[in-house]
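The basis for the numbers below is simple: all heavy atoms, side chains too, and nothing from hydrogens, waters or symmetry mates.
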Amino acid sequence: MIPPDVRKITTAGEVARARTFLAQLAASLGAPKIERARFLTALTAQLRRSLGQGGAQLTLTVQQTGPDRSVRVRAVVQPATRAPGQASPWHRALSCPGPMTQDSHLPAHPDDTAPAEALLAADEETAAVLQRLDESENLVRLHREELHQTNQGVLALHAELDAAALTQQKLLDAERAARGEAEKARRLLTFLANASAVVTASLDHEDIVRRLPDLLIPEYASHVDVWLFDEDEQAARNGRHSAAAVTAARTDRPQHAGPHPGDLPGTDDLPPSALSPDRPLLCIPLTVRRSLGVLTLTAPGDHFDADTSVMLLELARRIAIALDNALRYEHHRDTAEELQRAQLTDLPAADGLHLAARYLPATRGLNIGGDWYDAFFQPDGSLLAVIGDVTGHGLRAAVIMGQLRTALRAYAIEETSPAQILTRLHRMLCHQQPNLYATAMIARFKPGDLQVTWAAAGHPPAVVRAPGGAVRVLDDKPGVMLGVPIPFEYEDHTTEIEPGSTLVLYTDGLVERRAQGIDTGIELLAQTLAGLHEPDLKDLDASAESLLKPLVHESERDDDVCLLLCRTAPFPRS
């Protein structure tokens with residue numbers, strides 16, 4: 001450590017010499033130019049301020065610090081005359097890399113030429129500082145340019161990211177819209193398929209019409225009206241219906257009526273006039289081979305959707321097909337039923353024998369025309385009770401049934417035995433109607449005879465109830481069905497029958513169900529017959545009704561039902 005240097009500063013020249021001395025000292029110790037300039041500038045400014053306050057005392061200390069042998073120069077400036085309460089002395093330190101040895105001394109004190117030297121030294125320091133400033137400015141400029149380029153790159157990257165985000169958002173919106181359209185199309189197609197299955201499941205046109213509001217309201221319409229033409233409207237195409245529906249009926253084109261045009265595919269827009277209601281209407285003709293009517297839909301909101309209207313037009317086409325099928329079926333069924341009923345016999349009155357019959361057409365499918373019953377007298381006064389069932393259904397079965405009935409009556413004139421009649425009927429059917437079969441049973445009652453003779457061709461067995469309530473089934477082995485392509489001779493069977501007994505002839509529609517065998521139905525028939533009460537036994541028509549109730553369900557009848565009751569008289573009195 002070099003002893004402290006203390007000097008008094010009272011003039012500007014002394015300030016300059018002190019500055020020159022410190023500049024030489026700092027330079028000799030290798031102090032950085034910038035740090036040296038900052039140190040000298042601050043010290044000079046402090047000394048100059050002190051001149052106005054009566055001078056100052058400058059104390060310089062040079063000492064080595066730290067293991068790296070660096071040198072620390074410390075300057076302390078305090079007023080020459082220190083008053084009580086005055087602030088602490090000004091001080092500042094300068095770190096120099098050194099090195100400094102034990103033989104090191106402070107530079108010599110400058111002479112009177114110090115101001116000039118100080119000025120030159122200050123210029124050199126200023127130049128060094130300015131050079132460093134220039135270098136710093138260049139670096140700052142370079143950094144600024146780099147920062148500007150970086151900012152431009154960041155801005156460009158942000159712009160690209162924004163553009164990419166916008167493109168991605170557009171793609172997402174397009175995908176969302178496509179998914180929405182696909183989901184809407186899937187929903188419309190699903191509804192169309194389900195609704196088509198509903199309307200085509202029935203062959204009752206009134207049932208089809210009843211189902212439409214439940215299908216369409218409230219999602220596709222707020223109100224549904226179906227106008228089916230009758231014969232007069234078929235020609236006139238008018239009636240008590242909306243003007244839009246009348247227009248659709250007359251033009252046979254779908255019509256849209258509303259406060260504003262609908263622009264719906266395949267649909268004509270009526271002009272905004274008195275024809276246009278407050279809420280839009282869509283009137284669609286129900287046309288297949290002919291115009292059946294008009295389906296009028298009131299919009300569920302303020303307009304009809306274009307895609308939905310296309311689906312509704314297709315649904316109306318399918319509704320029209322279902323209605324046409326139902327109406328054609330009903331016409332065919334009614335014709336067959338009318339033909340069959342026209343061929344059913346009015347039961348004759350016979351001494352000592354009471355007759356009652358029932359015929360019920362099927363309630364499902366086209367199952368009409370195959371069953372029949374008949375009762376008539378033979379030339380010898382015997383009465384034949386006949387029950388039969390032609391395979392197949394519909395109008396052809398009704399026609400074949402009429403032919404069999406006519407042929408049976410003709411053969412009964414020449415033949416007296418039920419077996420002989422069935423044998424000739426079997427030969428006729430094999431010859432004239434191949435691939436068509438029938439079952440039949442004939443029971444023959446002779447006047448004054450307590451026996452009944454019967455023969456069966458593949459038909460369910462008759463059931464007999466005695467006056468006391470005992471029931472037996474005439475289950476002797478029946479012959480083959482009529483029309484089976486093999487030669488066959490039928491046999492007569494004879495059984496005793498008491499006065500007041502009831503013989504029940506029937507077709508399989510009475511006792512056969514899909515979920516059960518025919519034997520179960522026959523057993524139920526026998527139980528029901530045995531359980532008839534006294535009032536029913538006295539009234540044969542009441543007996544027939546009592547047998548039908550437990551055996552036939554109106555809503556589940558898949559086949560025709562024929563029932564023929566024969567009761568011998570007199571009925572025993574109680």
From [atom1] ([X]) to [atom2] ([Y]), nearest 0.5 Å:
{"X": "Arg328", "Y": "Leu323", "atom1": "CZ", "atom2": "CG", "result": "13.0 Å"}
{"X": "Ile284", "Y": "Asp252", "atom1": "CD1", "atom2": "CG", "result": "12.5 Å"}
{"X": "Thr296", "Y": "His223", "atom1": "OG1", "atom2": "NE2", "result": "8.5 Å"}
{"X": "Leu525", "Y": "Thr520", "atom1": "CG", "atom2": "OG1", "result": "12.5 Å"}
{"X": "Leu40", "Y": "Leu25", "atom1": "CG", "atom2": "CG", "result": "9.5 Å"}

What I want to find out is whether [X] reaches [Y] closely enough, with some N-O distance under 4.0 Å, to be called a salt bridge.
{"X": "Asp173", "Y": "Arg176", "value": "yes"}
{"X": "Glu137", "Y": "Arg141", "value": "no"}
{"X": "Lys184", "Y": "Glu181", "value": "no"}
{"X": "Asp207", "Y": "Arg210", "value": "yes"}
{"X": "Arg187", "Y": "Glu183", "value": "no"}

[Y] and [X], any side-chain heavy atoms less than 4.5 Å apart:
{"X": "Arg318", "Y": "Leu192", "result": "yes"}
{"X": "Asp269", "Y": "Asp263", "result": "yes"}
{"X": "Leu171", "Y": "Thr167", "result": "yes"}
{"X": "Leu510", "Y": "Leu548", "result": "yes"}
{"X": "Val62", "Y": "Leu29", "result": "yes"}
{"X": "Pro254", "Y": "Pro285", "result": "yes"}
{"X": "Asp307", "Y": "Met311", "result": "no"}
{"X": "Leu60", "Y": "Phe21", "result": "yes"}

Nearest heavy atoms of [X] and [Y], plus distance in Å:
{"X": "Ala257", "Y": "Ala244", "answer": "CB-CB, 3.9 Å"}
{"X": "Pro261", "Y": "His256", "answer": "C-CE1, 4.1 Å"}
{"X": "Val511", "Y": "Ile518", "answer": "CG2-CG1, 3.6 Å"}

Side chain to side chain contact (heavy atoms under 4.5 Å, CB included), paired with [X], selected from [options]:
{"X": "Leu297", "options": "Ile217, Val224, Asp225", "result": "Val224"}
{"X": "Trp227", "options": "Leu295, Val294, Leu292", "result": "Val294"}
{"X": "Tyr220", "options": "Thr308, Leu215, Leu282, Asp305", "result": "Thr308"}

Backbone of Arg38 reached by a side-chain donor or acceptor of Thr41 within 3.5 Å: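 It does not hold such a pair.
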Is a side-chain N or O of Thr298 found less than 3.5 angstrom from the main chain of Ala221, in a donor-acceptor match?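 Absent.
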Kindly determine whether Arg92 and Leu43 satisfy side chain to side chain contact (heavy atoms under 4.5 Å, CB included), including the steps that lead there. CA-CA 8 Å; Arg92 191 160 185 137; Leu43 177 60; over 6 Å; no
Under the criterion side chain to side chain contact (heavy atoms under 4.5 Å, CB included), I'd like the reasoning laid out for Val73 against Cys96: C-alpha separation, chi angles, the key distance, then a yes or no. CA-CA 8 Å; Val73 178; Cys96 305; 4.2 Å; yes
Yes or no on side chain to side chain contact (heavy atoms under 4.5 Å, CB included) for Ile321 and Arg317, after CA distance, side-chain angles and deciding distance? CA-CA 6 Å; Ile321 293 174; Arg317 186 185 70 84; 3.4 Å; yes
